There are 2 protein chains.
Amino acid sequence: EDEVSPPTLEASDPYADDPVRHPALRINSQRPFNAEPPPELLTENYITPNPIFFTRNHLPVPSVDPDTYRLHVVGAPGGQSLSLSLDDLYKFPKHEITVTLQCAGNRRSEMSEVKEVKGLEWRTGAISTARWAGARLCDVLAQAGHRVRETEAHVCFEGLDSDPTGTAYGASIPLARAMDPEAEVLLAYEMNGQPLPRDHGFPVRVVVPGVVGARNVKWLARVSVESEESHSHWQRRDYKGFSPSVDWDTVNFDLAPSIQELPVQSAITQPRDGATVESGEVTIKGYAWSGGGRAVIRVDVSVDGGLTWQEAELEGEEQRPRKAWAWRIWQLKARVPAEQKELNIVCKAVDDSYNVQPDTVAPIWNLRGVLSNAWHRVHVRVVP
Amino acid sequence: EDEVSPPTLEASDPYADDPVRHPALRINSQRPFNAEPPPELLTENYITPNPIFFTRNHLPVPSVDPDTYRLHVVGAPGGQSLSLSLDDLYKFPKHEITVTLQCAGNRRSEMSEVKEVKGLEWRTGAISTARWAGARLCDVLAQAGHRVRETEAHVCFEGLDSDPTGTAYGASIPLARAMDPEAEVLLAYEMNGQPLPRDHGFPVRVVVPGVVGARNVKWLARVSVESEESHSHWQRRDYKGFSPSVDWDTVNFDLAPSIQELPVQSAITQPRDGATVESGEVTIKGYAWSGGGRAVIRVDVSVDGGLTWQEAELEGEEQRPRKAWAWRIWQLKARVPAEQKELNIVCKAVDDSYNVQPDTVAPIWNLRGVLSNAWHRVHVRVVP
Ligand SMILES: [Mo]
Ligand SMILES: [Mo]
C-alpha cells in the first residue's frame, strides 16, 4: 500500500473520472479511493455484492475502452509475444471460481491502537468474496511459450493505473504458482456474472487465489516473466512483514520476503464493538479465511475474553482440499445469563494446517500495519 | 499416538528384540520405545546424528530380513500390483532430501501443565532432521498404474509393526500429495547415508516432507490407494486437533480432519529452563520449522517475557521456495545488564505465509496434547 495522496481540487484532478460509489461504503481515503463495507453488510451474503465489495485503489481509476483494450503478454525466448483483445481472451477456456480477496492492511486500525503505523485505517472490512471468471493465466502463458523453469522465476504484472510520473502499479507472483493449473490463477473479466466494475479492474484483472490482494493487479496491461520479482514500489518497498522491533530508521525492505500467501484470519462482524445486547441469547457472526488454499476447519468463540470457548457453526460453501480459496461465514448463538453485565467476545480460527491466530496484537505489530490477524475482540454491554 | 502399554517382564515380551539405544536419549516410554535427545544436543548439529534422532514407536520394533523383505504396492485397476524387493526399490531413481520430522506430540509437556492430557510427556525434542534417500513414492505408484484422480483419494500405508491381535500401524496421506513430484514423498531406505536404523524403519519407511511424523510410516509393508483415509486407529481416532472445550465425554473424532501439514513451530534449546547465566552476554539458541514446505523467514526472541523483541540469526541451509522441508537452527547473543536478576526468554517464529505462533498454551490446549506450538518460554537466573 502506498501512502495516501493529499486530495487535490485542481481542474486537472486525476481522480475526477473515478466512478460513483455505493453510499454504504465506509471511506478510508477518497483519493485514491479506499473503502470497506460495514461489518453487518459484509457477512449478510456469502458472495459479496459488487457495489459493496471492498475497494483498494492505489491510484486513479483508469478509463479503458474495451474495444481498443489490449493485454500485452511478453513471449518466452523462442515463443511469441501476444497482444490480446478482450475477444481473444474470451477464446481461452473460461474458468470460474469463488475467491476471497483480502488486503494486507485489513484490521490495521487494531494495530495502530498499539502504536502508530503508516497506512489506511482499515477496520475488519478489507476482505470480500466474489465469483470470478476468466482465462487461466497458465493457459495464456503457455500460448506465449512459457514453461515452468528449473530456477525460480516470477510473473510480473503491470496495471493501467499510473501516477503523475507515468509509473504504473505493479506486482509479481512466482512463476510456479502462475503455471500450476491447480493454483487457478485467473485473468478475470467477470465478477459475480457481470463485467468487472471499474473499481475492480475493468476490463481485466489478475485473481491469485489465496494470495494477498496487492498481487491481484487490476486494469491489467502487461504480463512478463522475469528472473526477479517486480521492481515496483509495492513489491519491493511495501507489503512485507517485519518484527515489532523494526522502525523507519532501521527497516531494510530487502531482508523480508514480499507477502504472498496470507495467514489464517477471522473477525466478528456482529455484534459491533460497543453495542448493547439483551440477555438470554446473543447471535455472534463473523468470517474466517486462510491463505494458500488452506481451509478453515474450526472457529472458536469466547464470550469471557478467552477463558472458555465454544465452537461456531461454519456456513457457506464446503471448500475443496488444497483449493479453499473462499472464506467461511460463521455463527454462534451464545447464552447470556441475566446477571451478566458485559461480554468480551473473542474469535479465533484454525486452518487445515492447524495454524492458529495469535492471541494479541502487540507482538505482531509492524511499522506498516500489515498482517493484522490476532484474535478479534468485541466488547458489548448486556441489558436484562 | 496410542496410550503407553504397561511394561511387561514375561518371557514372551514382544519388546525383547528391540534394539539397543543411545544413552543420551531422554526416555518417555520404554515399551513402546519413545525418546528424545536433550535440547543442547538437538541443535548442536543441523543434521541430527542417527543415534540421537528422536524415536517415536507405537509398537515393538519388527525384525526384518532384508533379503526376504518385500514391499507390496496394490495396483490400480488396469495396472499391476508390485511386490518389490530392496533391490527392486534401488532401481528407481534415487532421490535425496533434507527433511525435518516432528511428532504431533512435541512440546506436549507444556500442554499438560495447563490441564491433564493423554499422551507421552514430550518436551522440545520430538523433532529431528536427517538427510533421507530413497525412491520417490510417485515413481513407484506410477509403475503400479496410479494416476491423480478427479475425486479425492488417499494413499494408505501399513507397517510391519503390529499389536498382539495382529493389527499393524497404519496411516494415509492424500493421493494428490503422493503423486506430486514437487512434494518429494519418499520411500526412504537411507538416513544420513546409512541404511535406516531399526528404530527408524529398517529397511524402508515413508518420508512425507512437511507432514506430521505419524504419516511417515516405518517398516513399510503395504501401499494402497483408497477412496477413503486409512481406517487405522492412528488416522481416525488419534492425531487430530480439537477445541479446548472438547473433553473425552464430548469428543467426536469424525468431526476433525486428520493432522497432515503442521503449523509453524520454534523452541529454545539453550539455555535450559531454570539455568543460571552470567551477566554480560547470553547465547540463546533454538530451532524453528514450519509444515507444508513453508520456510521460516524470521525468529523473534525476547528476554523480557515478550515486551520487546530481537531478531535471531538463522543458520542452517537456505530452503527452496515451497520445499522448505527442513528446520533452521537460530541463535541470538543478547546483552544482559549486570543489574538484571532474571530473564524471561521467549521465542516465536514466522513462516513465509506469515503465519505466527500463538502467544499462550491454554487457548490451543486439546485433550490429546497435540499441536503444542505456543511461544516457547524459558526462565533463567542471572549472576553478576
Ligand atoms: Mo492491499
Ligand atoms: Mo507422532
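Bear in mind the structure is a predicted one, so any value in this text is a computation, not a measurement. Side chains are part of it too, since the values below use all heavy atoms of this structure and drop only hydrogens, waters and symmetry mates. Chain letters run A, B, ... following the sequence lines, proteins first and then strands; every chain starts at 1.
Of the residues considered (B/S258, B/G291, B/P174, B/P244), B/P244 shows the highest number of contacts with chain A, using heavy-atom pairs under 4.5 Å. Highest contact tally toward chain B, considering only A/I259, A/D352, A/I364, is held by A/I259 [criterion: heavy-atom pairs under 4.5 Å]. Of the residues considered (B/N373, B/L371, B/L307), B/L371 shows the highest number of contacts with chain A, using heavy-atom pairs under 4.5 Å. Interface remark: of the candidates B/A295, B/G241, B/S245, B/G241 forms the most heavy-atom pairs closer than 4.5 Å to chain A. Comparing B/L255, B/D351, B/T360 by heavy-atom pairs within less than 4.5 Å of chain A, the highest count is held by B/T360.
With a 4.5 Å cut-off on non-hydrogen atoms, A/E182 does not touch chain B at all. Residue B/P321 touches chain A through its side chain alone, counting heavy-atom pairs closer than 4.5 Å. For a residue to count as touching a neighbouring chain, one of its non-hydrogen atoms must lie under 4.5 Å from one of that chain's; by this rule A/T308 does not touch chain B. A/V246 touches chain B through its side chain: at least one heavy atom from C-beta onward sits under 4.5 Å away, while N, CA, C and O do not. If you measure heavy-atom distances from A/I297 to chain B, the contacts under 4.5 Å come from the side chain alone.
Counting only heavy atoms from C-beta outward, the side chains of A/I345 and A/V301 approach each other to under 4.5 Å. B/W375 places a side-chain heavy atom less than 4.5 Å from the side chain of A/P363.
Atoms CG and OH, from A/N106 and A/Y287 in turn, are 4.0 Å apart once rounded to the nearest 0.5 Å. For the atom pair B/W330 CH2 and B/E315 CD, the distance stands at 10.5 Å (nearest 0.5 Å).
Partner B/E152 forms a salt bridge (charged side-chain N to carboxylate O under 4.0 Å, His left out) with one of A/K323, A/R320, A/R322 and no other, that one being A/R322.
Salt bridge annotation for A/E261-A/R294: present, with a cationic side-chain nitrogen under 4.0 angstrom from a carboxylate oxygen.
Heavy atoms of other residues, nucleotides or ligands lying less than 6.0 angstrom from CD of B/E281 number more than 12.
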